[in-house]
2 protein chains.
Amino acid sequence: MLDTTPAVATLPPAAIHHGRLAGIPAGAATDLEGLLAGLAPQRRRLEAREYLFRAGQPRHSLFFIHAGFFKTCILSEDGREKITGFRMRGELLGIDSLDMPCYTCDAVALDFGEVWELPTARLHTDLPEFHERLTALLASEIRRDWSWMLALATLNAEQRVITFLLDLASRLERLGFSARDLLLRMTRAELGNFLALQLETVTRALSRLQAQGLIDVQRRAVRIDDADGLRRLLMEPR
Amino acid sequence: MLDTTPAVATLPPAAIHHGRLAGIPAGAATDLEGLLAGLAPQRRRLEAREYLFRAGQPRHSLFFIHAGFFKTCILSEDGREKITGFRMRGELLGIDSLDMPCYTCDAVALDFGEVWELPTARLHTDLPEFHERLTALLASEIRRDWSWMLALATLNAEQRVITFLLDLASRLERLGFSARDLLLRMTRAELGNFLALQLETVTRALSRLQAQGLIDVQRRAVRIDDADGLRRLLMEPR
DNA sequence: CGTTGGCTTGATACGCCTCAATGCTAGTGG
DNA sequence: CCACTAGCATTGAGGCGTATCAAGCCAACG
(Lines give C-alpha, C1' and ligand atoms only; values in the text may rest on other atoms or scores of the structure.)
Protein backbone atom coordinates (compact mmCIF):
# COMPACT_ATOMS: atom_id res chain seq x y z
CA MET A 1 0.00 0.00 0.00
CA LEU A 2 1.27 3.39 -0.92
CA ASP A 3 1.87 5.61 2.06
CA THR A 4 0.34 8.99 1.43
CA THR A 5 2.92 10.74 3.58
CA PRO A 6 6.25 9.63 2.14
CA ALA A 7 7.88 12.99 2.72
CA VAL A 8 7.63 12.74 6.47
CA ALA A 9 8.20 9.10 7.20
CA THR A 10 11.34 9.90 9.15
CA LEU A 11 10.05 13.00 10.86
CA PRO A 12 8.25 13.50 14.16
CA PRO A 13 4.44 13.51 13.94
CA ALA A 14 4.36 17.23 14.59
CA ALA A 15 5.98 17.82 11.23
CA ILE A 16 3.37 16.00 9.25
CA HIS A 17 1.85 18.33 6.72
CA HIS A 18 0.01 15.67 4.81
CA GLY A 19 -2.98 13.72 5.92
CA ARG A 20 -6.20 15.29 7.05
CA LEU A 21 -6.72 18.28 9.22
CA ALA A 22 -5.70 16.51 12.36
CA GLY A 23 -2.17 16.70 11.04
CA ILE A 24 -1.75 20.47 10.80
CA PRO A 25 1.95 20.97 11.28
CA ALA A 26 3.14 22.49 14.49
CA GLY A 27 6.84 22.40 13.66
CA ALA A 28 8.81 24.21 10.99
CA ALA A 29 7.16 27.52 11.76
CA THR A 30 8.37 30.47 9.80
CA ASP A 31 9.17 33.67 11.65
CA LEU A 32 6.32 35.35 9.84
CA GLU A 33 3.97 33.05 11.60
CA GLY A 34 4.82 34.29 15.06
CA LEU A 35 4.38 37.87 13.99
CA LEU A 36 1.00 37.23 12.46
CA ALA A 37 -0.32 34.98 15.18
CA GLY A 38 -0.34 38.04 17.41
CA LEU A 39 -3.13 39.43 15.31
CA ALA A 40 -5.31 36.47 16.17
CA PRO A 41 -6.33 36.26 12.53
CA GLN A 42 -9.45 34.61 11.23
CA ARG A 43 -8.67 31.08 10.11
CA ARG A 44 -10.18 29.46 7.10
CA ARG A 45 -10.03 25.88 5.95
CA LEU A 46 -10.27 24.82 2.36
CA GLU A 47 -10.84 21.55 0.61
CA ALA A 48 -8.97 20.33 -2.42
CA ARG A 49 -9.80 22.34 -5.54
CA GLU A 50 -11.55 25.05 -3.53
CA TYR A 51 -10.90 28.65 -4.56
CA LEU A 52 -9.58 30.94 -1.86
CA PHE A 53 -10.21 33.91 -4.11
CA ARG A 54 -10.66 34.64 -7.79
CA ALA A 55 -9.38 37.38 -10.02
CA GLY A 56 -11.81 40.27 -9.99
CA GLN A 57 -13.18 39.74 -6.51
CA PRO A 58 -12.88 42.72 -4.17
CA ARG A 59 -9.68 42.53 -2.20
CA HIS A 60 -9.47 43.32 1.48
CA SER A 61 -7.05 40.77 2.81
CA LEU A 62 -3.85 38.90 2.40
CA PHE A 63 -3.75 35.25 3.34
CA PHE A 64 -1.00 33.49 5.19
CA ILE A 65 -0.75 29.83 4.31
CA HIS A 66 -0.66 27.89 7.52
CA ALA A 67 -1.06 24.48 5.93
CA GLY A 68 -1.60 22.94 2.55
CA PHE A 69 -0.59 23.71 -1.00
CA PHE A 70 -2.02 26.29 -3.33
CA LYS A 71 -1.60 27.36 -6.89
CA THR A 72 -2.01 30.89 -8.17
CA CYS A 73 -2.99 31.42 -11.78
CA ILE A 74 -3.87 34.13 -14.19
CA LEU A 75 -6.23 34.04 -17.14
CA SER A 76 -6.15 36.18 -20.26
CA GLU A 77 -9.26 37.60 -21.89
CA ASP A 78 -9.11 35.02 -24.64
CA GLY A 79 -8.95 32.15 -22.20
CA ARG A 80 -5.26 31.35 -22.03
CA GLU A 81 -4.31 30.28 -18.55
CA LYS A 82 -1.03 30.18 -16.70
CA ILE A 83 -0.16 28.94 -13.27
CA THR A 84 2.16 31.55 -11.81
CA GLY A 85 3.32 29.55 -8.86
CA PHE A 86 2.77 26.77 -6.37
CA ARG A 87 2.60 28.18 -2.87
CA MET A 88 3.11 26.47 0.42
CA ARG A 89 3.14 26.97 4.15
CA GLY A 90 4.71 30.23 5.22
CA GLU A 91 3.92 32.11 2.03
CA LEU A 92 1.41 34.89 1.51
CA LEU A 93 -1.37 34.87 -1.06
CA GLY A 94 -2.62 38.09 -2.56
CA ILE A 95 0.45 40.30 -2.43
CA ASP A 96 0.48 40.73 -6.20
CA SER A 97 -2.70 42.80 -5.96
CA LEU A 98 -1.78 44.84 -2.88
CA ASP A 99 -2.27 48.07 -4.79
CA MET A 100 -5.49 47.01 -6.47
CA PRO A 101 -9.12 47.06 -5.36
CA CYS A 102 -9.57 43.50 -6.66
CA TYR A 103 -7.53 40.35 -6.75
CA THR A 104 -5.67 39.89 -10.00
CA CYS A 105 -5.16 36.15 -9.88
CA ASP A 106 -6.93 33.04 -8.70
CA ALA A 107 -5.73 31.18 -5.63
CA VAL A 108 -6.76 27.54 -5.44
CA ALA A 109 -6.09 24.93 -2.81
CA LEU A 110 -4.45 21.86 -4.33
CA ASP A 111 -5.25 19.80 -1.30
CA PHE A 112 -6.84 20.64 1.99
CA GLY A 113 -5.46 23.85 3.39
CA GLU A 114 -5.64 26.34 6.21
CA VAL A 115 -5.03 30.03 5.73
CA TRP A 116 -5.03 33.00 8.08
CA GLU A 117 -6.89 36.00 6.84
CA LEU A 118 -5.02 39.28 7.22
CA PRO A 119 -7.16 42.31 6.44
CA THR A 120 -4.81 44.86 4.96
CA ALA A 121 -6.47 47.63 6.95
CA ARG A 122 -5.59 45.87 10.18
CA LEU A 123 -2.06 45.19 9.01
CA HIS A 124 -1.64 48.90 8.50
CA THR A 125 -2.86 49.86 11.95
CA ASP A 126 -1.84 46.92 14.13
CA LEU A 127 1.40 45.88 12.48
CA PRO A 128 3.07 48.85 10.80
CA GLU A 129 6.47 47.18 10.90
CA PHE A 130 5.02 44.58 8.59
CA HIS A 131 5.27 46.96 5.67
CA GLU A 132 8.99 46.34 5.50
CA ARG A 133 8.43 42.61 5.35
CA LEU A 134 5.92 43.05 2.61
CA THR A 135 8.40 44.95 0.50
CA ALA A 136 10.88 42.15 0.91
CA LEU A 137 8.29 39.55 -0.01
CA LEU A 138 7.26 41.46 -3.11
CA ALA A 139 10.84 41.90 -4.24
CA SER A 140 11.64 38.26 -3.71
CA GLU A 141 8.56 37.24 -5.67
CA ILE A 142 9.89 39.31 -8.55
CA ARG A 143 13.25 37.58 -8.35
CA ARG A 144 11.58 34.22 -8.19
CA ASP A 145 9.50 35.00 -11.25
CA TRP A 146 12.57 36.18 -13.14
CA SER A 147 14.39 33.06 -12.21
CA TRP A 148 11.56 30.93 -13.63
CA MET A 149 11.43 33.06 -16.74
CA LEU A 150 15.11 32.31 -17.18
CA ALA A 151 14.54 28.61 -16.66
CA LEU A 152 11.63 28.38 -19.07
CA ALA A 153 13.51 30.34 -21.72
CA THR A 154 16.82 28.53 -21.56
CA LEU A 155 16.21 24.97 -20.40
CA ASN A 156 14.81 22.02 -22.28
CA ALA A 157 11.89 19.98 -21.03
CA GLU A 158 13.90 17.57 -18.93
CA GLN A 159 15.90 20.37 -17.35
CA ARG A 160 12.77 22.30 -16.47
CA VAL A 161 11.33 19.30 -14.71
CA ILE A 162 14.59 18.81 -12.84
CA THR A 163 14.62 22.46 -11.82
CA PHE A 164 11.10 22.11 -10.53
CA LEU A 165 11.90 19.01 -8.52
CA LEU A 166 15.02 20.50 -6.96
CA ASP A 167 13.21 23.71 -6.17
CA LEU A 168 10.36 21.86 -4.54
CA ALA A 169 12.77 19.69 -2.60
CA SER A 170 14.66 22.65 -1.21
CA ARG A 171 11.48 24.46 -0.23
CA LEU A 172 10.17 21.41 1.55
CA GLU A 173 13.48 20.96 3.28
CA ARG A 174 13.41 24.51 4.57
CA LEU A 175 10.08 23.66 6.15
CA GLY A 176 11.59 20.68 7.88
CA PHE A 177 10.47 17.96 5.51
CA SER A 178 12.43 15.43 3.55
CA ALA A 179 14.19 16.72 0.47
CA ARG A 180 14.20 13.23 -1.02
CA ASP A 181 10.61 12.11 -0.88
CA LEU A 182 8.28 14.47 -2.61
CA LEU A 183 4.58 14.26 -3.02
CA LEU A 184 3.43 16.33 -5.94
CA ARG A 185 0.16 18.02 -5.18
CA MET A 186 -0.56 18.97 -8.78
CA THR A 187 -1.54 16.99 -11.84
CA ARG A 188 0.82 16.51 -14.77
CA ALA A 189 -1.27 19.04 -16.64
CA GLU A 190 -0.79 21.66 -13.94
CA LEU A 191 2.91 20.96 -13.78
CA GLY A 192 3.10 21.25 -17.54
CA ASN A 193 1.20 24.49 -17.48
CA PHE A 194 3.62 25.94 -14.96
CA LEU A 195 6.67 24.72 -16.88
CA ALA A 196 5.28 25.68 -20.28
CA LEU A 197 5.16 22.06 -21.41
CA GLN A 198 2.46 19.64 -22.40
CA LEU A 199 1.48 17.08 -19.81
CA GLU A 200 2.80 14.26 -21.96
CA THR A 201 6.17 15.95 -22.12
CA VAL A 202 6.28 16.17 -18.33
CA THR A 203 5.46 12.49 -18.08
CA ARG A 204 8.14 11.59 -20.58
CA ALA A 205 10.73 13.69 -18.80
CA LEU A 206 9.93 12.02 -15.50
CA SER A 207 10.06 8.59 -17.15
CA ARG A 208 13.43 9.32 -18.71
CA LEU A 209 14.87 10.52 -15.40
CA GLN A 210 13.58 7.38 -13.77
CA ALA A 211 15.10 5.23 -16.51
CA GLN A 212 18.44 6.87 -15.75
CA GLY A 213 18.06 5.93 -12.11
CA LEU A 214 18.00 9.51 -10.91
CA ILE A 215 14.50 9.48 -9.46
CA ASP A 216 11.73 7.08 -8.68
CA VAL A 217 8.25 7.97 -9.81
CA GLN A 218 5.07 6.40 -8.48
CA ARG A 219 2.45 8.69 -9.92
CA ARG A 220 2.55 11.72 -7.61
CA ALA A 221 5.17 10.33 -5.29
CA VAL A 222 8.67 11.18 -6.50
CA ARG A 223 11.81 10.07 -4.73
CA ILE A 224 15.03 11.82 -5.58
CA ASP A 225 17.75 9.18 -5.68
CA ASP A 226 20.60 11.19 -7.15
CA ALA A 227 20.30 14.93 -6.70
CA ASP A 228 23.83 15.50 -7.95
CA GLY A 229 23.06 13.52 -11.07
CA LEU A 230 20.06 15.75 -11.64
CA ARG A 231 22.15 18.87 -11.13
CA ARG A 232 24.68 17.55 -13.61
CA LEU A 233 22.00 17.36 -16.26
CA LEU A 234 21.22 21.02 -15.64
CA MET A 235 24.71 21.99 -16.67
CA GLU A 236 24.45 20.49 -20.14
CA PRO A 237 24.05 22.85 -23.08
CA ARG A 238 20.41 22.12 -23.76
CA MET B 1 18.50 59.10 -45.08
CA LEU B 2 16.79 57.34 -42.25
CA ASP B 3 15.39 59.69 -39.68
CA THR B 4 16.49 58.54 -36.26
CA THR B 5 13.41 59.96 -34.58
CA PRO B 6 10.47 58.54 -36.51
CA ALA B 7 8.33 58.10 -33.42
CA VAL B 8 8.07 61.80 -32.78
CA ALA B 9 7.81 63.31 -36.21
CA THR B 10 4.35 64.63 -35.48
CA LEU B 11 5.00 65.72 -31.92
CA PRO B 12 6.23 69.00 -30.50
CA PRO B 13 9.98 69.22 -29.97
CA ALA B 14 9.56 69.03 -26.24
CA ALA B 15 8.35 65.49 -26.58
CA ILE B 16 11.39 64.23 -28.41
CA HIS B 17 12.95 61.41 -26.46
CA HIS B 18 15.28 60.30 -29.20
CA GLY B 19 18.28 62.11 -30.52
CA ARG B 20 21.14 63.26 -28.34
CA LEU B 21 21.04 64.76 -24.93
CA ALA B 22 19.79 68.09 -26.14
CA GLY B 23 16.47 66.35 -26.63
CA ILE B 24 15.73 65.26 -23.06
CA PRO B 25 11.95 65.25 -22.94
CA ALA B 26 10.22 67.93 -20.94
CA GLY B 27 6.70 66.76 -21.65
CA ALA B 28 4.91 63.57 -20.67
CA ALA B 29 6.16 63.73 -17.11
CA THR B 30 4.89 61.04 -14.83
CA ASP B 31 3.52 62.03 -11.45
CA LEU B 32 6.40 60.18 -9.86
CA GLU B 33 8.75 62.66 -11.39
CA GLY B 34 7.33 65.65 -9.54
CA LEU B 35 7.51 63.81 -6.26
CA LEU B 36 11.12 62.83 -6.76
CA ALA B 37 12.30 66.11 -8.17
CA GLY B 38 11.69 67.59 -4.73
CA LEU B 39 14.57 65.50 -3.45
CA ALA B 40 16.93 67.24 -5.85
CA PRO B 41 18.44 63.90 -6.69
CA GLN B 42 21.86 63.34 -8.15
CA ARG B 43 21.61 63.00 -11.92
CA ARG B 44 23.66 60.61 -13.95
CA ARG B 45 24.03 60.32 -17.67
CA LEU B 46 24.88 57.12 -19.43
CA GLU B 47 26.01 56.23 -22.90
CA ALA B 48 24.72 53.39 -24.98
CA ARG B 49 25.73 50.00 -23.59
CA GLU B 50 26.89 51.51 -20.31
CA TYR B 51 26.01 49.61 -17.15
CA LEU B 52 24.11 51.55 -14.53
CA PHE B 53 24.73 48.75 -12.06
CA ARG B 54 25.56 45.08 -12.10
CA ALA B 55 24.31 42.14 -10.10
CA GLY B 56 26.41 41.76 -6.99
CA GLN B 57 27.35 45.39 -6.55
CA PRO B 58 26.43 46.93 -3.21
CA ARG B 59 23.04 48.54 -3.40
CA HIS B 60 22.25 51.90 -1.84
CA SER B 61 19.95 53.53 -4.36
CA LEU B 62 17.05 53.22 -6.67
CA PHE B 63 17.23 54.97 -10.01
CA PHE B 64 14.45 56.87 -11.67
CA ILE B 65 14.70 56.85 -15.46
CA HIS B 66 14.39 60.41 -16.63
CA ALA B 67 15.35 59.69 -20.22
CA GLY B 68 16.51 56.83 -22.37
CA PHE B 69 15.90 53.11 -22.54
CA PHE B 70 17.35 50.41 -20.35
CA LYS B 71 17.30 46.68 -20.13
CA THR B 72 17.50 44.65 -16.96
CA CYS B 73 18.90 41.16 -17.13
CA ILE B 74 19.80 38.27 -14.90
CA LEU B 75 22.51 35.70 -15.31
CA SER B 76 22.62 32.18 -13.95
CA GLU B 77 25.73 30.60 -12.50
CA ASP B 78 26.24 28.52 -15.60
CA GLY B 79 26.07 31.53 -17.87
CA ARG B 80 22.50 31.49 -19.11
CA GLU B 81 21.21 35.01 -19.50
CA LYS B 82 17.75 36.48 -19.64
CA ILE B 83 16.57 39.99 -20.21
CA THR B 84 13.81 40.55 -17.68
CA GLY B 85 12.48 43.75 -19.13
CA PHE B 86 12.99 46.85 -21.19
CA ARG B 87 12.53 49.93 -19.04
CA MET B 88 11.79 53.46 -20.06
CA ARG B 89 11.20 56.97 -18.77
CA GLY B 90 9.16 57.06 -15.60
CA GLU B 91 10.17 53.62 -14.37
CA LEU B 92 12.41 52.72 -11.46
CA LEU B 93 15.50 50.55 -11.67
CA GLY B 94 16.59 48.49 -8.70
CA ILE B 95 13.30 47.78 -6.95
CA ASP B 96 13.74 44.04 -7.37
CA SER B 97 16.62 44.13 -4.89
CA LEU B 98 15.08 46.52 -2.37
CA ASP B 99 15.49 43.98 0.40
CA MET B 100 19.01 42.93 -0.55
CA PRO B 101 22.42 44.36 0.21
CA CYS B 102 23.41 44.00 -3.44
CA TYR B 103 21.75 44.42 -6.77
CA THR B 104 20.38 41.19 -8.17
CA CYS B 105 20.27 42.12 -11.83
CA ASP B 106 22.18 44.16 -14.35
CA ALA B 107 20.79 47.45 -15.63
CA VAL B 108 22.17 48.58 -18.95
CA ALA B 109 21.44 51.67 -21.02
CA LEU B 110 20.36 50.71 -24.52
CA ASP B 111 20.97 54.19 -25.77
CA PHE B 112 21.98 57.37 -24.02
CA GLY B 113 20.11 57.81 -20.77
CA GLU B 114 19.64 59.99 -17.74
CA VAL B 115 18.72 58.63 -14.36
CA TRP B 116 18.10 60.22 -10.99
CA GLU B 117 19.77 58.50 -8.10
CA LEU B 118 17.52 57.91 -5.12
CA PRO B 119 19.42 56.69 -2.05
CA THR B 120 17.02 54.42 -0.23
CA ALA B 121 18.09 55.88 3.11
CA ARG B 122 16.99 59.33 1.98
CA LEU B 123 13.75 57.98 0.60
CA HIS B 124 12.99 56.59 4.02
CA THR B 125 13.63 59.84 5.87
CA ASP B 126 12.64 62.49 3.35
CA LEU B 127 9.80 60.81 1.56
CA PRO B 128 8.05 58.32 3.84
CA GLU B 129 4.88 58.44 1.78
CA PHE B 130 6.89 56.95 -1.06
CA HIS B 131 6.77 53.57 0.60
CA GLU B 132 3.20 53.15 -0.54
CA ARG B 133 4.16 53.92 -4.11
CA LEU B 134 6.95 51.43 -3.95
CA THR B 135 4.59 48.70 -2.89
CA ALA B 136 2.39 49.47 -5.85
CA LEU B 137 5.35 49.46 -8.21
CA LEU B 138 6.56 46.13 -6.90
CA ALA B 139 3.15 44.55 -7.19
CA SER B 140 2.67 45.82 -10.71
CA GLU B 141 6.07 44.49 -11.71
CA ILE B 142 4.93 41.09 -10.49
CA ARG B 143 1.77 41.31 -12.58
CA ARG B 144 3.76 42.43 -15.58
CA ASP B 145 6.13 39.50 -15.21
CA TRP B 146 3.23 37.08 -14.89
CA SER B 147 1.65 38.52 -17.95
CA TRP B 148 4.84 37.94 -19.93
CA MET B 149 5.16 34.44 -18.54
CA LEU B 150 1.68 33.80 -19.85
CA ALA B 151 2.57 35.23 -23.24
CA LEU B 152 5.78 33.26 -23.59
CA ALA B 153 4.08 30.06 -22.52
CA THR B 154 0.99 30.27 -24.68
CA LEU B 155 1.81 32.30 -27.80
CA ASN B 156 3.75 31.33 -30.88
CA ALA B 157 6.70 33.31 -32.19
CA GLU B 158 4.68 35.69 -34.32
CA GLN B 159 2.20 36.36 -31.55
CA ARG B 160 4.97 37.07 -29.07
CA VAL B 161 6.47 39.64 -31.40
CA ILE B 162 3.06 41.22 -31.90
CA THR B 163 2.50 41.35 -28.16
CA PHE B 164 5.83 43.04 -27.73
CA LEU B 165 5.11 45.64 -30.41
CA LEU B 166 1.67 46.47 -29.05
CA ASP B 167 3.01 46.68 -25.51
CA LEU B 168 5.79 48.99 -26.57
CA ALA B 169 3.39 51.13 -28.57
CA SER B 170 1.03 51.57 -25.66
CA ARG B 171 3.84 52.42 -23.26
CA LEU B 172 5.21 55.01 -25.66
CA GLU B 173 1.76 56.44 -26.15
CA ARG B 174 1.28 56.86 -22.42
CA LEU B 175 4.45 58.95 -22.46
CA GLY B 176 3.05 61.14 -25.17
CA PHE B 177 4.77 59.59 -28.16
CA SER B 178 3.36 58.10 -31.30
CA ALA B 179 1.89 54.64 -30.96
CA ARG B 180 2.45 53.98 -34.66
CA ASP B 181 6.10 54.76 -35.23
CA LEU B 182 8.37 52.78 -33.01
CA LEU B 183 12.09 52.81 -32.81
CA LEU B 184 13.40 49.62 -31.29
CA ARG B 185 16.32 50.32 -29.03
CA MET B 186 17.41 46.71 -28.81
CA THR B 187 19.00 44.27 -31.23
CA ARG B 188 17.12 41.32 -32.65
CA ALA B 189 19.17 39.13 -30.36
CA GLU B 190 18.04 41.09 -27.29
CA LEU B 191 14.47 41.01 -28.43
CA GLY B 192 14.74 37.29 -29.01
CA ASN B 193 16.26 36.80 -25.61
CA PHE B 194 13.37 38.65 -23.99
CA LEU B 195 10.76 36.75 -25.99
CA ALA B 196 12.47 33.38 -25.60
CA LEU B 197 13.16 33.12 -29.32
CA GLN B 198 16.22 33.02 -31.51
CA LEU B 199 17.11 36.22 -33.31
CA GLU B 200 16.40 34.63 -36.69
CA THR B 201 12.92 33.74 -35.52
CA VAL B 202 12.27 37.34 -34.51
CA THR B 203 13.43 38.53 -37.91
CA ARG B 204 11.22 36.03 -39.69
CA ALA B 205 8.20 37.00 -37.62
CA LEU B 206 8.73 40.67 -38.42
CA SER B 207 9.19 39.86 -42.10
CA ARG B 208 5.99 37.84 -42.18
CA LEU B 209 4.02 40.61 -40.51
CA GLN B 210 5.41 43.05 -43.02
CA ALA B 211 4.51 40.75 -45.88
CA GLN B 212 0.93 40.77 -44.59
CA GLY B 213 0.92 44.54 -44.67
CA LEU B 214 0.44 44.88 -40.92
CA ILE B 215 3.70 46.64 -40.17
CA ASP B 216 6.59 48.24 -41.96
CA VAL B 217 10.08 47.30 -40.85
CA GLN B 218 13.19 49.29 -41.66
CA ARG B 219 15.70 47.68 -39.39
CA ARG B 220 14.98 49.18 -35.98
CA ALA B 221 12.24 51.47 -37.18
CA VAL B 222 8.87 49.74 -37.09
CA ARG B 223 5.67 51.38 -38.20
CA ILE B 224 2.41 49.81 -37.13
CA ASP B 225 0.03 50.03 -40.08
CA ASP B 226 -2.79 47.85 -38.83
CA ALA B 227 -2.97 47.45 -35.08
CA ASP B 228 -6.34 45.73 -35.26
CA GLY B 229 -4.96 43.27 -37.75
CA LEU B 230 -2.18 42.50 -35.31
CA ARG B 231 -4.63 42.06 -32.47
CA ARG B 232 -6.68 39.71 -34.64
CA LEU B 233 -3.65 37.46 -35.02
CA LEU B 234 -3.35 37.31 -31.24
CA MET B 235 -6.75 35.72 -30.97
CA GLU B 236 -5.88 32.74 -33.15
CA PRO B 237 -5.37 29.40 -31.45
CA ARG B 238 -1.60 29.33 -31.82
C1' DC C 1 36.55 51.94 -49.06
C1' DG C 2 37.34 48.21 -46.25
C1' DT C 3 35.68 46.54 -41.90
C1' DT C 4 32.44 45.45 -38.51
C1' DG C 5 28.14 44.49 -36.28
C1' DG C 6 23.69 43.66 -37.00
C1' DC C 7 19.95 41.94 -40.00
C1' DT C 8 17.82 38.84 -43.39
C1' DT C 9 16.99 34.64 -45.77
C1' DG C 10 17.45 29.70 -46.84
C1' DA C 11 18.08 24.66 -45.84
C1' DT C 12 17.91 21.24 -42.59
C1' DA C 13 17.47 19.05 -37.99
C1' DC C 14 15.29 18.07 -33.90
C1' DG C 15 12.51 18.64 -29.76
C1' DC C 16 8.22 19.19 -28.38
C1' DC C 17 3.24 19.11 -29.57
C1' DT C 18 -0.71 16.63 -31.07
C1' DC C 19 -3.61 12.88 -31.45
C1' DA C 20 -4.74 8.33 -30.10
C1' DA C 21 -4.76 4.26 -27.40
C1' DT C 22 -3.89 1.91 -23.15
C1' DG C 23 -2.90 1.48 -18.20
C1' DC C 24 -3.43 2.41 -13.52
C1' DT C 25 -5.64 3.78 -9.15
C1' DA C 26 -9.17 5.26 -6.17
C1' DG C 27 -13.77 5.77 -5.47
C1' DT C 28 -18.66 4.00 -6.07
C1' DG C 29 -22.46 1.18 -5.94
C1' DG C 30 -24.33 -3.31 -6.54
C1' DC D 1 -16.03 -8.18 -2.33
C1' DC D 2 -15.98 -7.15 -6.90
C1' DA D 3 -17.43 -4.96 -11.34
C1' DC D 4 -17.61 -0.51 -12.92
C1' DT D 5 -16.34 4.12 -13.65
C1' DA D 6 -13.88 8.45 -13.84
C1' DG D 7 -9.82 10.82 -13.72
C1' DC D 8 -5.14 10.87 -14.24
C1' DA D 9 -0.85 8.96 -16.08
C1' DT D 10 1.82 6.63 -19.51
C1' DT D 11 3.38 5.38 -24.03
C1' DG D 12 3.64 5.51 -29.11
C1' DA D 13 3.50 7.52 -33.86
C1' DG D 14 3.74 11.32 -36.67
C1' DG D 15 3.72 16.35 -37.76
C1' DC D 16 5.01 21.03 -36.98
C1' DG D 17 7.41 25.08 -35.35
C1' DT D 18 11.37 26.76 -33.93
C1' DA D 19 16.45 26.09 -33.46
C1' DT D 20 20.58 25.59 -35.79
C1' DC D 21 23.92 26.30 -39.26
C1' DA D 22 25.41 28.83 -43.13
C1' DA D 23 25.61 32.43 -46.43
C1' DG D 24 24.83 36.96 -48.01
C1' DC D 25 23.26 41.72 -47.27
C1' DC D 26 23.16 46.33 -45.47
C1' DA D 27 24.33 50.51 -42.94
C1' DA D 28 27.48 52.85 -40.01
C1' DC D 29 32.01 54.14 -39.22
C1' DG D 30 36.88 54.66 -39.12
Side-chain angles (χ1 to χ4, degrees), chain A residues 1-6 18-20 47-49 71 80 110-111 151-162 182-211 215-222 233 236-238, chain B residues 1-4 6 18-20 47-49 71 80 83 110-111 151-162 182-211 215-222 233 236-238:
Chain A
M1 190 186 72
L2 178 64
D3 185 358
T4 59
T5 62
H18 304 134
R20 285 284 140 202
E47 319 221 308
R49 302 288 129 191
K71 66 172 178 182
R80 291 172 292 121
L110 290 180
D111 204 306
L152 301 192
T154 60
L155 300 179
N156 65 29
E158 203 170 286
Q159 291 170 321
R160 292 183 211 177
V161 170
I162 291 173
L182 317 176
L183 188 58
L184 309 184
R185 317 312 261 263
M186 68 293 295
T187 66
R188 298 290 190 263
E190 288 169 326
L191 196 40
N193 181 295
F194 179 65
L195 296 177
L197 298 171
Q198 293 302 306
L199 68 94
E200 296 93 331
T201 306
V202 173
T203 288
R204 278 186 249 267
L206 288 171
S207 299
R208 243 175 296 132
L209 294 175
Q210 181 169 38
I215 62 176
D216 181 79
V217 183
Q218 295 300 326
R219 294 178 77 80
R220 303 245 181 131
V222 175
L233 287 181
E236 296 188 1
R238 173 169 177 157
Chain B
M1 190 187 74
L2 180 65
D3 183 2
T4 58
H18 304 135
R20 287 282 139 201
E47 320 219 311
R49 302 286 130 192
K71 67 172 178 182
R80 292 172 292 121
I83 294 174
L110 289 181
D111 203 305
L152 301 192
T154 60
L155 300 178
N156 66 29
E158 204 171 285
Q159 292 171 322
R160 291 183 212 178
V161 170
I162 292 174
L182 317 176
L183 189 59
L184 309 183
R185 316 313 262 259
M186 68 294 293
T187 66
R188 298 289 190 264
E190 288 170 326
L191 196 39
N193 180 295
F194 179 65
L195 296 177
L197 298 170
Q198 292 304 304
L199 68 94
E200 297 93 330
T201 306
V202 173
T203 287
R204 279 187 247 268
L206 288 171
S207 300
R208 244 177 293 131
L209 295 175
Q210 182 169 35
I215 63 176
D216 181 77
V217 184
Q218 297 298 326
R219 293 178 78 82
R220 303 247 181 131
V222 176
L233 287 181
E236 296 187 0
R238 174 167 175 157

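Chain naming here is simple, since letters A, B, ... match the order of the sequence lines and numbering starts at 1 in each.
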*asked:* Does D/dA19 have its OP1 or OP2 closer than 4.0 Å to a side-chain nitrogen or oxygen of B/T201?
replied: yes

_Applying a 4.0 Å non-hydrogen cut-off, can you work out what A/A205 is touching in the nucleic acid: base, sugar-phosphate, or nothing?_
nothing

Just the table, please: protein N/O against nucleotides 7-9 of chain D N/O, every pair under 3.5 Å.
| from | atom 1 | to | atom 2 | distance (Å) |
| --- | --- | --- | --- | --- |
| D/dA9 | OP1 | A/R220 | NE | 3.2 |
| D/dA9 | OP2 | A/R188 | N | 2.9 |

*Round to a whole Å and report the spacing from CG of B/N156 to P of D/dG15.*
21 Å

*What's the CG-C1' distance between B/L206 and C/dG6, to the nearest Å?*
14 Å

*Atom CG of B/L197 and atom P of D/dT20: how far apart are they, to the nearest Å?*
11 Å

*asked:* Just verifying a value: how many Å separate B/L184 CG and B/R219 CZ, rounded to the nearest 0.5 Å?
replied: 11.5 Å

_B/R185 side, atom CZ; B/K71 side, atom NZ - distance, nearest 0.5 Å_ = 14.5 Å

*Separation of atom CZ in A/R160 from atom C1' in C/dC17, rounded to whole Å*: 12 Å

*Establish whether the base of D/dG12 is bridged to the side chain of A/R204 by a donor-acceptor pair shorter than 3.5 Å.*
yes

*Taking N and O atoms by type only, does the side chain of A/Q218 place a donor or acceptor under 3.5 Å from a partner on the base of C/dC24?*
no

*Report the nucleotide, chosen from C/dC17, C/dC19, D/dT20, that has the shortest atom-to-atom distance to any side-chain atom of B/E200.*
D/dT20

*Tell me, with the steps shown, if B/L199 and B/T187 meet side-chain contact (heavy atoms from CB on, under 4.5 Å).*
CA-CA 9 Å; B/L199 68 94; B/T187 66; over 6 Å; no

_A/E236 CD to C/dC14 P, straight-line distance once rounded to whole Å_ = 17 Å

_Test log, rule side-chain contact (heavy atoms from CB on, under 4.5 Å), inputs A/M186 and A/N193_ = CA-CA 10 Å; A/M186 68 293 295; A/N193 181 295; over 6 Å; no

*Going through the checks in order, is the salt bridge (charged side-chain N to carboxylate O under 4.0 Å, His left out) test met by A/E190 and A/R49?*
CA-CA 12 Å; A/E190 288 169 326; A/R49 302 288 129 191; 2.8 Å; yes

*Counting heavy atoms from C-beta on, name the nucleotide in C/dC17, D/dT18, C/dT9 closest to the side chain of A/Q198.*
C/dC17

*Applying the side-chain contact (heavy atoms from CB on, under 4.5 Å) test to A/L191, which of A/L197, A/V202, A/V161 qualifies?*
A/V202

_Spacing of A/E158 atom CD relative to C/dC16 atom P, expressed in whole Å_ = 9 Å

*Going through the distances and angles, do B/R238 and B/L155 end up as a side-chain contact (heavy atoms from CB on, under 4.5 Å)?*
CA-CA 6 Å; B/R238 174 167 175 157; B/L155 300 178; over 6 Å; no

*asked:* Without decimals, in angstroms, what is the distance between B/R208 CZ and D/dT18 P?
replied: 7 Å

*Take atom CG of A/L184 and atom P of C/dT25, then tell me their distance rounded to the nearest Å.*
16 Å

